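Okay, so here's the structure we're looking at.
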Amino acid sequence: MNFRHLVLLLILPVSQAQPVPPPEQIDLPAVLDLARAGSPRIALERQDIELARAERRIASALPNPTLSYARTRPGSGAALFDGSRQQDVGVELPLLIGGQRGARTEAAERGIEAAQARVQLSANELAAEAGAAHVGLLAAQLRMELVAESLRELQRLRGIVAGRQASGMASAYDLLRVDVELVAWRNRLADARAELADRQGQLAGLLGYADWRPQAVGELRPLQLSAASLDAYIAPLALAARREEEAAIAATEVARSERYPAVALQAGRTWTREPYGATSTLGLAVEIPLLDTRGGALDRARAQATTASLRRQLAEATVAAELQRYQTQVSERTLALAAFEQDVGQRLPQLRQMAEDAYRLGRSPVIELLDSTRSRYELQLSRIDLVAALMEAQLRLQAARGALSSTGP
């Protein structure tokens, strides 16, 4: 069982108030799955879909009839048919002759689609943020391990320098210089630990879990991106804007249908006692739109539809710009990492051995030995930053394409 399956098995129902955090050790695919499916943040977003479905049920309901009943006993004069008592029963049924019910139902359906698109957009964005946070956490762990390794290396070098000082081949300055370097790297280790704690809190906060101190597992290496065409994906930002525009257009149709006068079918029966007599009535009640033609509601709906259209155009332009931006970042950072590996990566072990041999033979001072050690670890830290930046750019590119909506990178 891999980490993704373990996380999905531990996901609790959205109704539970205090969700149990995922396991402490978690890899990138499990983080993406958790962000898309199991995060309390997305569970909260999905309530908008339930609200939209409730709106559809409301919109598809038929209007209720109104029942009226009256009983009269005239104090003076006579009732209908000269009766001493009169009873009236009436039923009034609203008629939606303007297609209001169909327009409302259609608008509610578009509202559901818009809510689903918003949830998909939120899940895609959260997956990108959580994935980047996981990459940052993994890089922070590796940086802390590398700084700790550098401290152990400096402790070993201190032993060499101390041995040479005891034999008269090194000065007290050499040993003091190593001790100063050790202090500097101890400070860097404290900073690395603080960064690690910050990255853990960032990932836990993004996914919405309290008291969770995740440990990133996996290898820090560039992602294998899908070779599929961009046409195979629909950018969630553009899709959500498109669905919002469709919902706004449907709302315009609702406002237009609501301008039809309200019509109600009326039926009633009246009967008397002493003597008995009865009569039935059937008629229509029609609203006369003299004071309010409900044109303002239609104007508002049209303005909202125009606004949604402009937002859709802006979203499509934003998606195009983001795709170009992240594609450029991925390309440039891939080239930078390849150049680093070719020019520097393979020479680091030689740099260590050459510097240490030169110091042991007395061909270089301790400053050069420390400078070599520092440079070697600084370069390894730079490589971690290069790979982490490339992975984050790849995740952002996948998110802009919509490839993080339902599948992993």
Side-chain angles (χ1 to χ4, degrees), residues 2-4 6-7 21-32 130-161 178-207 211-223 333 336-338 340-341 343-356 369-395 409:
N2 57 28
F3 288 101
R4 179 187 301 192
L6 180 59
V7 168
E24 290 187 2
Q25 294 187 341
I26 189 167
D27 62 0
L28 179 59
V31 165
L32 297 179
H134 182 274
V135 170
L137 175 59
L138 183 57
Q141 291 174 180
L142 294 176
R143 279 193 289 267
M144 190 182 73
E145 294 172 3
L146 189 58
V147 173
E149 180 184 338
S150 72
L151 278 174
R152 292 192 294 269
E153 176 69 9
L154 287 172
Q155 288 285 3
R156 188 183 68 84
L157 294 179
R158 188 184 188 283
I160 296 175
V161 174
V178 176
D179 288 338
V180 170
E181 193 72 17
L182 277 168
V183 171
W185 281 90
R186 288 192 186 102
N187 291 336
R188 294 191 67 167
L189 181 59
D191 291 340
R193 287 171 176 164
E195 181 190 4
L196 178 60
D198 180 69
R199 296 286 186 174
Q200 289 176 323
Q202 181 184 6
L203 181 56
L206 278 172
L207 296 180
D211 300 325
W212 184 40
R213 293 296 177 264
Q215 179 182 354
V217 296
E219 186 177 354
L220 190 71
R221 63 179 179 181
L223 304 175
R333 288 172 175 170
L337 180 60
F340 178 91
E341 297 288 6
D343 298 338
V344 180
Q346 299 177 357
R347 301 182 182 182
L348 290 178
Q350 300 176 5
L351 179 63
R352 171 186 176 181
Q353 191 63 43
M354 292 173 62
E356 190 170 327
L369 177 62
L370 294 177
D371 180 68
S372 171
T373 303
R374 185 189 314 112
S375 298
R376 189 170 73 253
Y377 283 103
E378 290 286 359
L379 288 171
Q380 293 181 70
L381 289 170
S382 296
R383 184 187 183 281
I384 291 175
D385 293 339
L386 281 173
V387 178
L390 174 56
M391 291 179 69
E392 181 176 352
Q394 290 176 320
L395 284 169

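From a predicted model like this one, the values you see are computed outputs, not experimental measurements.
In terms of heavy atoms, Val178 sits closest to Leu154 at CG1-O, 4.1 Å. The heavy-atom pair separating Val31 from Gly131 by the smallest distance is CG1-N, 4.2 Å. Pairing each heavy atom of Ala133 with each of Leu206, the nearest pair is CB-CD1, 3.8 Å. Residues Leu337 and Pro222 share a closest heavy-atom pair of CD2-CG, 3.8 Å.
Scored by the salt bridge (Lys or Arg N to Asp or Glu O under 4.0 Å) test, Arg221 finds Glu219 as partners (sequence neighbours excluded). The salt bridge (Lys or Arg N to Asp or Glu O under 4.0 Å) test applied to Glu378 returns Arg188, not counting sequence neighbours. The ring pair (Phe, Tyr, Trp, His ring centres under 6.0 Å) test applied to Trp212 returns Tyr209, not counting sequence neighbours. For Ala389, the side-chain contact (heavy atoms from CB on, under 4.5 Å) partners at least two apart in sequence or on another chain are Arg333. Asn187 meets the side-chain contact (heavy atoms from CB on, under 4.5 Å) test with Val183; sequence neighbours excluded.
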Donor-acceptor list for residues 189-202 side chains, cut-off 3.5 Å, not counting sequence neighbours:
from	atom 1	to	atom 2	distance (Å)
Glu195	OE2	Arg143	NH2	2.6
Gln200	NE2	Pro214	O	3.0

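His134 places a side-chain N or O within 3.5 Å of a backbone atom of Ile26 that can act as its donor or acceptor partner. Formation of a donor-acceptor pair under 3.5 Å by the Gln380 side chain with backbone atoms of Leu146 is not found in this model.
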For this session: Test Glu149 against Arg152 for side chain to side chain contact (heavy atoms under 4.5 Å, CB included), laying out the working first.
Result: CA-CA 5 Å; Glu149 180 184 338; Arg152 292 192 294 269; 3.6 Å; yes
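Taking a 6.0 Å sphere around CD of Glu24, one finds it holds 12 or fewer heavy atoms contributed by other residues, nucleotides or ligands.
Distance check: Gln215 CD to Leu137 CG gives 8.0 Å after rounding to the nearest 0.5 Å.
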